[in-house]
Amino acid sequence: MPFARRPLSPVRRRAAQVLAVTGAAALLLTGCGSSGTSGPSSSASSPAGDAAGGGNGTNGGKRTVKDATGKAVEVPAEPKRIVTLTQEDLDAVLALGVKPVGITNGQGLNEPPAYLKDKVQGVPVVGNLLQPVMDKVIAAKPDLILAGDMQDEQMLKQLREITPATLVTMAPTDDWKLAFKGIGNAVNKLDQASKVIGDYEARAAKAGGELTKNTGAAVSIVRWNPTGPSWMEKKQFASGVALDMGLTRPAAQDKDGNAHSPALSLEKLSEIDGDWLFLSTLTDDGRSALKDVQSKPAYQELAAVKNNHVVTVDGSVWSTRGGPLAADVVIGDFGKALGGN
């Protein structure tokens with residue numbers, strides 16, 4: 001299984017980069033004109049004007065926002081029944097104090113993500129990640145559907161028949177902070193979302209400053225797939241948290257982008273070395289592949305392995321597109337591993 005949840009071909013990656021600029025950025029610019037509160041915007045304008053000019057409008061208890069593709073969507077000014085179709089959407093609304101009425105299972109899981117499970121007790125599961133069961137979505141009676149980075153136009157059409165207030169909340173190349181602010185705008189809590197990000201950044205900086213002799217350590221962040229290990233680029237979620245904590249990346253991994261390397265062969269295993277190696281898996285096949293390689297010289301010769309600096313982490317958190325609550329988990333994992341050394 002590839003490292004990223006939804007890998008992009010070169011053509012789709014170029015298209016995604018355009019979407020990232022014209023889509024999610026537009027959504028955030030749209031949010032700049034809103035009040036950022038849970039009520040209607042104080043600067044109302046017509047929906048048609050919003051779509052053309054990028055401003056938020058109100059229309060009888062409705063607001064017009066742009067989703068991550070640049071599509072103007074009319075949403076409730078105060079949504080009451082939100083269905084989330086990705087772990088990132090769920091993380092975001094929970095961080096904003098909103099409990100959804102329908103959710104999907106976590107990445108690579110047949111249940112909600114463990115780190116969010118206690119916050120969604122009793123909330124109906126309407127399908128797997130980006131694979132909603134339409135009858136279950138209908139039963140949830142949503143007034144707003146947050147559809148993550150869904151690209152299946154036929155499925156989006158079905159969801160919009162359930163409620164036109166269905167938003168694609170992230171472009172494929174968006175970082176988690178941009179996507180989170182976009183979701184904050186969609187639920188009319190942009191000011192609160194900005195505060196959550198500010199609080200997170202302060203917490204990350206503080207935690208990074210408490211790592212004593214591991215301050216600024218070069219951390220290798222890797223997911224082991226059935227075909228081999230892949231390391232994260234610098235703007236991928238967990239990598240971004242590391243940088244916000246003042247940590248660095250090994251030279252081989254010091255690459256911009258929010259994707260992952262191709263699966264590495266044993267001959268290239270040195271690319272995953274670092275002062276510390278943080279390893280995750282998502283499937284039983286990935287766990288089996290990791291177990292098989294751990295007895296091989298190429299793995300045992302890694303400096304991080306020799307120094308007993310290998311840390312196993314939860315792939316369903318570290319390998320996601322991310323959100324504020326997942327970021328708290330990653331900060332805690334870094335602190336636990338590095339803080340006492």
Side-chain angles (χ1 to χ4, degrees), residues 3 5 86-97 103 106-109 111-121 175-177 179-180 183 192-193 195-224 231-250 253 258 260 272 274-282 286-287 290 304 307-341:
F3 181 81
R5 188 173 66 207
T86 71
Q87 181 170 318
E88 294 83 5
D89 293 317
L90 175 58
D91 186 308
V93 297
L94 291 174
L96 293 170
I103 62 175
Q107 181 180 353
L109 305 173
E111 61 184 358
Y115 79 103
L116 300 176
K117 189 177 291 187
D118 63 337
K119 296 178 175 62
V120 293
Q121 292 291 336
D175 68 37
W176 73 270
K177 296 177 188 178
F180 174 65
I183 294 168
Q192 186 176 337
K195 182 179 185 304
V196 169
I197 292 295
D199 290 347
Y200 151 77
E201 290 175 340
R203 189 160 55 251
K206 181 175 184 294
E210 295 172 348
L211 297 180
T212 60
K213 70 180 183 180
N214 282 313
T215 299
V219 294
S220 175
I221 304 174
V222 173
R223 192 178 91 188
W224 216 284
W231 48 262
M232 297 183 185
E233 294 176 342
K234 286 167 56 176
K235 293 181 181 177
Q236 199 275 346
F237 164 58
S239 301
V241 175
L243 297 181
D244 286 341
M245 293 179 66
L247 296 165
T248 61
R249 303 301 303 283
Q253 300 176 26
N258 68 348
H260 63 285
I272 73 167
D275 296 335
W276 287 82
L277 171 57
F278 288 82
L279 282 177
S280 68
T281 58
L282 268 178
R287 285 183 280 275
L290 173 57
N307 294 328
N308 197 28
H309 283 181
V310 178
V311 183
T312 301
V313 292
D314 183 353
S316 69
V317 175
W318 282 61
S319 296
T320 67
R321 294 281 293 277
L325 302 181
D328 282 345
V329 174
V330 174
I331 290 173
D333 288 343
F334 275 131
K336 182 177 179 181
L338 307 180
N341 292 275

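Excluded from the calculations below are hydrogen atoms, water molecules and symmetry mates; all remaining heavy atoms, backbone and side chain alike, are included.
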Checklist outcome for this item: When rounded to the nearest 0.5 Å, the distance separating CG of Leu247 from CZ of Phe278 is 7.5 Å
Item to check | Contact summary for Ser280 and Gly315, nearest pair of heavy atoms | outcome: CB-CA, 3.5 Å
Checklist entry - Thr281: what forms a side chain to side chain contact (heavy atoms under 4.5 Å, CB included) with it, not counting sequence neighbours? => result Trp224, Arg287, Leu290
Checklist outcome for this item: When rounded to the nearest 0.5 Å, the distance separating CD1 of Ile221 from CZ of Phe334 is 4.0 Å
Next on the checklist: Could you tell me if the side chain of Leu279 sits less than 4.5 Å from the side chain of Val310, heavy atoms only?
Outcome noted: yes
Next on the checklist: Within the structure provided, determine whether Leu116 and Ile103 are in side-chain contact (heavy-atom separation under 4.5 Å).
Outcome noted: no
Next on the checklist: Whether the Asp333 and Trp318 side chains hold a donor-acceptor pair (N or O, under 3.5 Å, no angle test) is what I'd like checked.
Outcome noted: yes
Item to check | Heavy-atom check, side chain of Trp276 versus side chain of Asn307, under 4.5 Å | outcome: no
Checklist outcome for this item: When every non-hydrogen atom of Ser316 is compared with those of Leu109, the smallest separation belongs to CB-CD1, 4.1 Å
Checklist entry - Above 12 or not: heavy atoms from other molecules or residues under 6.0 Å from CG of Asn308? => result no
Next on the checklist: Within the structure provided, determine whether Tyr200 and Val241 are in side-chain contact (heavy-atom separation under 4.5 Å).
Outcome noted: yes
Checklist entry - Looking only at heavy atoms, which two atoms of Phe180 and Ala193 are closest? And how far apart? => result CE2-O, 3.4 Å
Next on the checklist: Could you walk me through whether Asp91 and Tyr115 satisfy the side-chain hydrogen bond (donor to acceptor under 3.5 Å, both in side chains) test, starting with their C-alpha distance in whole Å, then the side-chain angles of each, then the deciding distance to 0.1 Å, before giving a yes or no?
Outcome noted: CA-CA 10 Å; Asp91 186 308; Tyr115 79 103; 2.7 Å; yes
Checklist outcome for this item: In terms of heavy-atom contacts, His309 and Asp275 come closest through ND1-O, 2.9 Å
Next on the checklist: I need the Leu90 CG to Lys119 NZ distance, nearest 0.5 Å.
Outcome noted: 10.0 Å
Checklist entry - Can you tell me how far the CD1 atom of Ile272 sits from the OG atom of Ser220, to the nearest 0.5 Å? => result 6.0 Å
Checklist entry - For the side chain of Asn214 and the backbone of Leu338, is there at least one donor-acceptor N/O pair under 3.5 Å apart? => result yes
Checklist entry - Looking at Gln107 and Gln87, what are the two nearest heavy atoms and their distance? => result N-OE1, 3.2 Å
Checklist entry - Does the side chain of Gln236 come within less than 4.5 Å of His260's, by heavy atoms? => result no
Next on the checklist: Using 0.5 Å steps for rounding, measure from the CE atom of Met245 to the CD1 atom of Ile331.
Outcome noted: 6.0 Å
Checklist entry - Is the closest side-chain heavy-atom distance between Val313 and Val329 below 4.5 Å? => result no
Checklist outcome for this item: Closest non-hydrogen contact found for Leu243 with Arg249 is CD2-CG, 4.4 Å
Checklist entry - Rounded to the nearest 0.5 Å, what separation is found between the CD atom of Glu210 and the OG1 atom of Thr215? => result 9.5 Å
Item to check | Asp175 and Lys235, any side-chain heavy atoms less than 4.5 Å apart | outcome: no
Next on the checklist: side-chain contact (heavy atoms from CB on, under 4.5 Å) for Val311 and Lys336? Distances and angles first, verdict last.
Outcome noted: CA-CA 10 Å; Val311 183; Lys336 182 177 179 181; over 6 Å; no
Item to check | Non-hydrogen side-chain atoms of Phe237 and Ser319 separated by less than 4.5 Å | outcome: no
